[in-house]
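Residue numbers begin at 1 in each chain, while the letters A, B, ... track the order of the sequences.
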Number of protein chains: 2
Amino acid sequence: MTTREIILNRALELFNLRGIENVGIRELATDLNIRPGNITYYFPKKEDILVELGKQLSELNSATIVKLENPSMTDFMERYRQVFNNHYEYRCLFLSFVSQMQQNKKLSENYGKVEKSRLEDFRKILNKLVEAGYLDTSVTEDDIEQLVSFLSLVARFWISESTVSYKKLSKKQAINHYLNLIGFVFSKHATIIGKKQINSFLSGL
Amino acid sequence: MTTREIILNRALELFNLRGIENVGIRELATDLNIRPGNITYYFPKKEDILVELGKQLSELNSATIVKLENPSMTDFMERYRQVFNNHYEYRCLFLSFVSQMQQNKKLSENYGKVEKSRLEDFRKILNKLVEAGYLDTSVTEDDIEQLVSFLSLVARFWISESTVSYKKLSKKQAINHYLNLIGFVFSKHATIIGKKQINSFLSGL
DNA sequence: GTCTATACAAGGATAGAC
DNA sequence: GTCTATCCTTGTATAGAC
């Protein structure tokens, strides 16, 4: 493993454990038994570490998320389970989401692009779920916008909320809590077969 | 206005404008044409300013929120409109929500108490809405928990999301966006009369 | 009780020696 | 590629003037 990779790995661990703002470059260096300037050599600014971690997350998501030609309701729920698992591994980014988006230009640029295509992707999937008879045909374009809106809010802030309000929950319990919430909202727009898939997915968690 | 009040008022303005982390004590002092130590006299730590702003917000909410004996669906939506308006005035607190909750013990204690009773309050209101025939009788206790969960997520993070994703929206537009989301979710659990009230509330925004 | 001046520690960032 | 020295900013503590 290169020094650069060693720094990235340990930074992610410490940031996840104690928060980005609470882990200094000096501390990270001491932990790795290297000198602060050495970290600066690979990452001139602290921001740069986070830009790289952000890239890792989006690559992880790309690798995890399989293209769905004919998505079922189960596929949809399963995809969110995977995305949430990935988010958890990079939870430090979500816990400092707003401040990073405001201060870290590159990170926010990268995130903006990825997020835009991700939302577009989900719009398509929802439309396909309607066509395939998993979501009700009464679901309008406007409803889909609201559903995407809802998904986007949950995806961005579930980690923040669970860190603040559900500290005692394990990773799995926390993820299940929010998958249940998504299932709850979506089942009201699902067909009978769609509901069935949601329920069996949730009861299998 | 006392010095203490002047400090609090201007701090809120600057924190809202540029973020809590980006406004230093020295800068606030310069802006007010007083010396940093003078701020320290009233607020030994920066945290203490935020504790006080947190109290102001919860007092504002208490003052705004009218006790509802026989709440209608319209009352429910209207209450959220008021709460969101109040949140916006103290948006800096929500933009740094997670880090404050983790680092500011008093603020998080105070918030914990208020939030607990607020959620309890909303559970009661939802139950009453069922009894009064605005929400469907098929709504179970478990459904109510999910709805409260949903409301809690939106209430805490709508400002964060709109700051990051909907920068161009005005205060009113942003609030309307999230009221629409709440209406969207709730209308699926509402009776005919309940739906009517939600729709007429939303179209009157 | 109110306000000022000053000092200190910690964190990010930079230039340059080896 | 690695490390040292140094600077600047921020939060905070203290001593003392009015």
Side-chain angles (χ1 to χ4, degrees), chain A residues 1-54 92-93 95-108, chain B residues 1-54 92-93 95-108:
Chain A
M1 221 171 12
T2 66
T3 305
R4 186 185 146 89
E5 287 168 340
I6 291 172
I7 294 171
L8 279 174
N9 289 345
R10 190 61 184 150
L12 178 59
E13 283 178 20
L14 292 181
F15 289 166
N16 278 342
L17 272 174
R18 311 224 323 282
I20 294 169
E21 297 81 359
N22 305 314
V23 179
I25 298 297
R26 288 173 181 82
E27 185 189 346
L28 178 57
T30 306
D31 183 279
L32 291 169
N33 196 29
I34 59 177
R35 260 38 62 192
N38 198 359
I39 295 180
T40 296
Y41 172 70
Y42 292 99
F43 304 98
K45 303 193 178 188
K46 193 179 178 183
E47 284 189 351
D48 298 325
I49 300 180
L50 297 163
V51 172
E52 199 50 38
L53 291 176
C92 60
L93 294 176
L95 290 174
S96 304
F97 189 72
V98 183
S99 60
Q100 288 304 319
M101 287 298 131
Q102 287 177 332
Q103 286 166 8
N104 194 326
K105 269 197 171 182
K106 278 187 189 169
L107 184 63
S108 83
Chain B
M1 222 172 12
T2 66
T3 306
R4 189 185 141 89
E5 287 168 341
I6 291 172
I7 294 171
L8 280 173
N9 288 346
R10 190 61 183 150
L12 178 59
E13 283 178 20
L14 291 180
F15 289 166
N16 278 342
L17 270 173
R18 310 225 325 283
I20 294 169
E21 298 82 359
N22 305 315
V23 179
I25 298 296
R26 287 173 182 80
E27 186 189 344
L28 177 57
T30 306
D31 183 281
L32 291 170
N33 196 30
I34 60 178
R35 259 40 61 195
N38 198 359
I39 295 179
T40 296
Y41 171 70
Y42 292 100
F43 304 98
K45 303 192 177 188
K46 192 180 178 182
E47 285 189 351
D48 300 323
I49 299 179
L50 296 163
V51 172
E52 199 50 39
L53 292 176
C92 59
L93 294 175
L95 289 174
S96 304
F97 190 73
V98 183
S99 59
Q100 287 304 319
M101 287 298 130
Q102 286 177 333
Q103 288 166 6
N104 194 327
K105 270 198 172 180
K106 279 188 190 168
L107 184 63
S108 84

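- When all heavy atoms of B/Val51 and B/Leu107 are compared, the pair lying nearest together is CG2-N, 4.0 Å.
- One axis for each end of the helix from C/dG1-D/dC18 to C/dC18-D/dG1, each built from five base pairs, and the angle between them comes to 10° at 10° resolution.
- In this structure, the side chains of B/Val23 and B/Asp31 stay at 4.5 Å or more apart for every pair of heavy atoms.
- Across all non-hydrogen atoms, the minimal contact from B/Glu47 to B/Gln103 is OE2-O, 2.9 Å.
- Residue B/Asn38 places none of its side-chain N or O atoms closer than 4.0 Å to OP1 or OP2 of C/dT2.
- Smallest separation of non-hydrogen atoms from A/Phe15 and A/Ile49: CE1-CG2, 4.1 Å.
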The test is side-chain contact (heavy atoms from CB on, under 4.5 Å); show your working for B/Ile34 and B/Ile7 and say whether it passes.
CA-CA 10 Å; B/Ile34 60 178; B/Ile7 294 171; 4.2 Å; yes
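- In plain terms, the two heavy atoms of B/Lys46 and B/Ile20 that are nearest each other are NZ-O, 2.7 Å.
- Across residues 40-50 of chain B, B/Lys45, B/Lys46 each have a non-hydrogen atom less than 4.0 Å from an atom of DNA chain D (numbered order).
- One can place CG of B/Asn22 at 14 Å from C1' of C/dG12, the figure rounded to the nearest angstrom.
- Side-chain atoms of A/Leu8 and A/Tyr42, non-hydrogen and from C-beta on, never get closer than 4.5 Å to each other.
- Nucleic acid contact class of B/Gly37 (heavy atoms, under 4.0 Å, all strands): base.
- Residue A/Ile39 contributes atom CD1, which lies 13 Å from atom P of C/dG11 at whole-angstrom precision.
- Put simply, CD on A/Gln103 is 14 Å from C1' on D/dT9, counting in whole angstrom units.
- A/Arg26 CZ to A/Ile39 CD1: the interatomic distance, rounded to the nearest 0.5 Å, is 10.5 Å.
- Among all heavy-atom pairs drawn from B/Ala29 and B/Pro36, the shortest one is CB-N, 3.6 Å.
- The interatomic distance linking B/Arg26 (CZ) with D/dT9 (C1') rounds to 7 Å, in whole Å.
- Minimum heavy-atom separation, B/Glu21 to B/Ser96: OE2-OG, 2.9 Å.
- Taking atom CD1 on A/Ile25 and atom C1' on D/dT4, their separation rounds to 17 Å, with Å as the unit.
- Interatomic distance, A/Leu14 CG to A/Arg18 CZ, rounded to the nearest 0.5 Å: 6.5 Å.
- Contacts between residues 2-20 of chain A and DNA chain D, defined by a heavy-atom separation under 4.0 Å, are made by A/Thr3.
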